[in-house]
Structures are given as structure tokens and as C-alpha cells.
Amino acid sequence: METPENVTDARMTARVSNAEIADKFERLADLLELQDDNPFRVRAYRNAARVIEGLPRPLAEMLAAGEDLDELPGIGAAIAEKIATIVKTGKLPALAEAAKTTPLVLTDLMRIPGLGPKRVRELYETLDVKSAADITRAAKSGELAQLPGFGEKLAGKIADAVAHLSPEQKRFRLADAEKLAAPLVEYLKGLAGVKRVVVAGSLRRRRETVGDIDILVTAGRGAGILDKLKRFDGIRRVVSSGDTRATVIVAMNLQVDVRVVPEASFGAALYYFTGSKAHNVAVRRIAQGKGLKLNEYGLYRGDTRIAGKSEDEVAKKLGLAWIPPELREDAGEIEAAAHGRLPELVTLEALRGDLHSHTTASDGHASLREMAEAAREQGYAYLAVTDHTRSTRIAHGLDPKRLSRQFAEIDALNETFKGFRLLKSAETDILEDGSLDLPDEVLAEMDFVLGTVHAHFELPAARQTQRLLKAFDNPYLSGLAHPTARQIGEREPIRLDFDRVCEAAAERGIFLEVNGQPARLDLDASRCRRATELGVKLAISSDSHSAAGLETIRFGVDQARRGWVGKKDVVNTRSLRSLRGILRRP
DNA sequence: GCCGTTTTCGGCCCGACTGTTTTCAGTCG
């Protein structure tokens, strides 16, 4: 029996988030770099910050559970101890120590394009520059250009960068970045001499947000692609442009890097340009260990190129299996590829149906029939209709009476289908006390029950966890929709003991959803990975509110793949018969 | 500061572009 008391322990009250811890190490790296400290030490801190940011669980919770943090990649005894100190005191003494001689505010200046540690230090030591406003002043007075190594042009560029400084560097949702990149990709494809145009970088890795766009072009010599690129009318500004690479700014202030390589280097260039940086570094180290050199032009033994045409060729020569781009984050995929242990990732094609959709009955824009037809066109065997329930008034949530009418309508429609079924369900509110928004006799009418948190996002972790566990105790509940309720860039995930929720879900056979709405992508990739490690089954769903919206399920597939999720982990890769076998009934 | 199919010490990815330079430093990805 679960009580609030036995989920209220130290790990639940932790206030220092992983993001804050990562930021402290990032700042420490900045300060040490300003102080010209050992660059490898600096890199170690940055590396640790990156690892910390990608963790699925709060470090505070892992510490409370007695886990050894120095088993995490890139985190050794020294950093593990520093993390423990931060969790305990909220402070990183090494950071305070470094800030004694180098003001912490200087780390903000290092975020300005064109300013790195050397230039910031020069600005500070010579002109006592400590802020963006100081830079503007120094530029106006002409002092900036007088600094050694600066000059008129550089001073102008820096002043310009300061003037166009946005409050924080913006990242774009994956779906938005895709749309913004499309016209430029089409334009490049249409240019004479162009052989291939491929999107690489974080967009190819399908990261949930994208900071800039990388496009790889193969073309014959002298095709002048980068000159023609500048004539594309969607380009606002050219940041830099050389023989093989150009950086431009397009709509929404989005940065696009275009790289042109010869066809023979396509594979090596695609590998290099896809990243991530950490993955590339690790793979190049493997090359180095074999006495080879890997760069964007190929894999070399001495001056001889031994691979480069395709990614597969490069990987093979390094003794690795080809790694899907979604996994290239230096998070264990390289070891797995070396030992033939890469997971067989779920694919869009493997999905047999969709377990989350809405109709005009609640806040959708298509009728039952229209949704069914769209699902059949998609090749699905089933589509669950999961309109909102009465507590979600803003979405015209359904009460038992309206639901029962909908179920009758679904029954009638199903009579007309062959090889396809609409499933009766509802996106049922989990109320603050963990009870469901509908009585059991209504839940009993459904093919399965989907539960979700739509209000009271701010509960403390212990209560939020307890709320979900209580909902899981309802024998009708089969799945949990958008489990953390986060919205990218708008709402933080609800606080809960994620492992505990996963353990309970695994025990009871409740699936967690990977919601494909571009603003949600919930579970996120790292939680997908953690959940499946703990034996939880997932459903990848569109949460579509229109017929066309069914296609957003692919963004859910992307995140599941990034989370190492295999076909067998996903319930809606099953046939309807097999799916029915695992949906809960009392 | 981290890490180990050479290593518990001695390494630590690699190249493009810019602007400042008389041959390269700084920044970026």
C-alpha cells in the first residue's frame, strides 16, 4: 500500500535541478578558460555539463538513492564530489574561487558571437569592459578598434553583434526548423551542378529543438554553389562565406550553415556534419587509435583515403556498425556499435495504429468519420478516439451522457469498416486526488482508458507521484498520456519521482505515451530510454486534433528512437488482436 | 579533469573562415 509518507523522502525535496548544476560547470569552464587554465580541464567541465543536461533523472535523486555518480561517462571522482557539494549546499566553491579573480559576468560576454575567452579577457583587462553596454561604449569611442589584434572591421562586427543581441539564444522546435529549412533545401536542389542536398546536424539527429540548420551539398568543382546561395531571396544576412562553407541567416533569425563537398567525400562529410560534436570527437579518437585520421573529406591512412563515399563505409573501416543519426550523442552508442549491440529502433512504418486522437466532440476539428478515414489512408488497423472528459471544460470535455452517444456512433461506424476499427476511449482527467474523471461503469464501456494530468501541474513531487500511483490503482487505466505534461519552452515537466512511476507502470502493465505534438514530445528522449530500461511499454501517439494532424506521430517516433526504443517496446506496433491482449481489464 | 583492446601516466579531434597579421591567432562548429 502506497501512502504519501513513504514517497516523501530526501530525493523528493531536492531543489537543485540538473540544468542549474550543468550551468555551474559551464560557467566554471568559462572562467577557467578566461584564466587560460588547462584546456583539457576546461573541456572536462563542459563535457560533464553536457552529460548532466542529458540525464533523465535529477542528480539529487540519484545521490539520495546512493548511486555512484562517477560511473557516469565524463564524470570522475572530482566532479562527482563537486556535484554532491552543489546538491547539499547549492554552491560550487570552485566557481566562487575562480570568480574572485575573474568576474562571473564576463561569462555572459563569451556568449556574444565573435567573442571568445581571449578577446573577452583583453577587453576586460585593457578597457575594464564588463557588460554589453561597455562594449558599445568602447566601440563608439574607438578604443575597441585600437586593441591589439582587433582593428576597425572586427570592432564593427562585435558592436553589431551586441546591437542585435537577443535576450537568449533561441532554439527552434524540430517541426518549425524543418519548415524553415525546406525552401532553402528546395532552392539548392534546383541549382545547376548540384548532385545531392541533405539536411544534417541536429535536425537529422531529430533533436527536439534545433539551434541552427546544417545543409550538406555535393556538387562538381566550380559549380559556384555558395555564390548562388547568396542570391536566394530568403537570406537576410551572410555571416561568412568561403570556398566550401557559408553561414547565412534566414527568416526568424535562424542560422543556416551550408557545406559543399565533392561527391567522393559525401559519407565522411555527412558523418562529420551530422554530429553531435561529442560523438564526432569520440569517433575520431577511435580512428586515431587505429592509426587513421577522420575528417570531413574521408578516413585516411597517411595521405591515402580509405573510405568516404558513404557513412556505412566509414563506419565499417572503423570497426563499427552504422549508427542511426538519432543515437549519435556519445551516450553509449559507439560501444554498442563496436560490439554489435545497437538496438533495432522502432520505425514509423512499424506502427499499426494510433492511440490518441480528438474529434469535434471535444476540441478536435474533424468528425469521427473523417478521422477514421484519415487513419485508414495512413494504413492503420486502428485509431483510438480519446476526446477530453468533462473536467477539461475549455476543450468541451465529454460527460458520461455524451460519451455514451459517441460510443454508439463508433459502434455503428465500425460496422462499415473492414480491417479497421475505431477504439472507444477517452483522454480521462486524473483529478488532483488521483481519482479519474469518470465513473467505473463508463470506463467499463471503453476499449481502454487513457489517463492524463491536465491541471494542478504545480504539486510537489511527492504528491504528484502519489496522484499518479493512485490513478494507476484504477484497474481500468491502461495508459498515461503526455506523462510529464511539459510543453517545450513553455511549461516545465511536472515534478515527480519518475522511476517510481515507471516501476508502478511496468508492474501493472500500464503504457506511457510518447506524444508526437511538436510542442510536447512527451516523454522526451531520455525519459523514453529510462522508462524502457525499467521495463515500461510505450505508445507512440499523434494526439491529433485534425485529419492532417495524424502525421505528427512521426515526431514521437523520432524521440522514441533517440531514446533507444525498439519496436517491441511500443504497444501500437502490435496487431489489434495482440494489443487487446495487453490492455487492462479488471 | 577524465580515461584505458597499447596505458593508472600521458595523452586528450580536426578543419574552415575572418581579420589581423607578415606567418597566424581567435572563434566556431
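The analysis underlying the following values was restricted to heavy atoms, covering all of them including side chains, and did not include hydrogens, waters or symmetry mates. Each chain gets a letter, A, B and so on, in the order its sequence line appears, and its residues count up from 1. Only a predicted model underlies this, so the values are computations on that prediction, with no experimental measurement involved.
Counting all heavy atoms, side chain and backbone alike, A:Pro117 lies closest to A:Leu34 at O-CD2, 3.4 Å.
The side chain of A:Lys118 lies closest to B:dG26 when the candidates are B:dG26, B:dG19, B:dG15. The side chain of A:Gln288 approaches B:dC12 more closely than any other nucleotide in the set B:dC12, B:dT27, B:dG19. Closest approach to the A:Ile79 side chain among B:dC17, B:dG1, B:dG19 is made by B:dG1 (side chain taken as heavy atoms from C-beta onward). In the set B:dT5, B:dG1, B:dG26, B:dT5 carries the atom at the smallest distance from any side-chain atom of A:His339. Of the candidate nucleotides B:dC12, B:dT27, B:dC17, B:dC17 has the atom lying nearest to any side-chain atom of A:Asp243. The side chain of A:Arg119 has B:dG26 as its nearest neighbour among B:dC2, B:dG26, B:dA16. Comparing B:dG29, B:dC2, B:dC17 against the side chain of A:Ala44 picks out B:dC2 as the nearest. Out of B:dG29, B:dC13, B:dT18, the shortest distance to the side chain of A:Ser240 is found at B:dT18. Of the candidate nucleotides B:dG19, B:dT18, B:dC13, B:dC13 has the atom lying nearest to any side-chain atom of A:Arg284. Minimum atom distance to the side chain of A:Tyr297 is reached by B:dG15, of the listed B:dG15, B:dG29, B:dG1.
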- Going through the checks in order, is the side chain to side chain donor-acceptor pair (under 3.5 Å) test met by A:Arg305 and A:Ser265? CA-CA 10 Å; A:Arg305 176 160 57 197; A:Ser265 296; 3.0 Å; yes
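Between the P atoms of B:dT27 and B:dT20, the separation comes to 14 Å (whole Å). Atom name C1', nucleotides B:dT6 and B:dC12: the rounded distance is 16 Å, in whole Å.
If you check the side chains of A:Glu329 and A:His279, you find no donor sitting under 3.5 Å from an acceptor.
Straight-line distance from the OH atom of A:Tyr300 to the C1' atom of B:dC13: 15 Å, rounded to whole Å. For A:Gln255 and B:dC17, the CD to P distance is 14 Å, given to the nearest whole Å. Following rounding to the nearest Å, A:Ile215 (CD1) and B:dG29 (C1') show an atom-to-atom distance of 15 Å.
Partner assigned to B:dC2 is B:dG11, using Watson-Crick or G-U wobble distances below 3.5 angstrom.
With hydrogens and angles ignored, a donor-acceptor pair closer than 3.5 Å exists between the side chain of A:Asn38 and the base of B:dG1.
Within the structure, a side-chain polar atom (N or O) of A:Arg41 is placed less than 4.0 Å from OP1 or OP2 of B:dG1.
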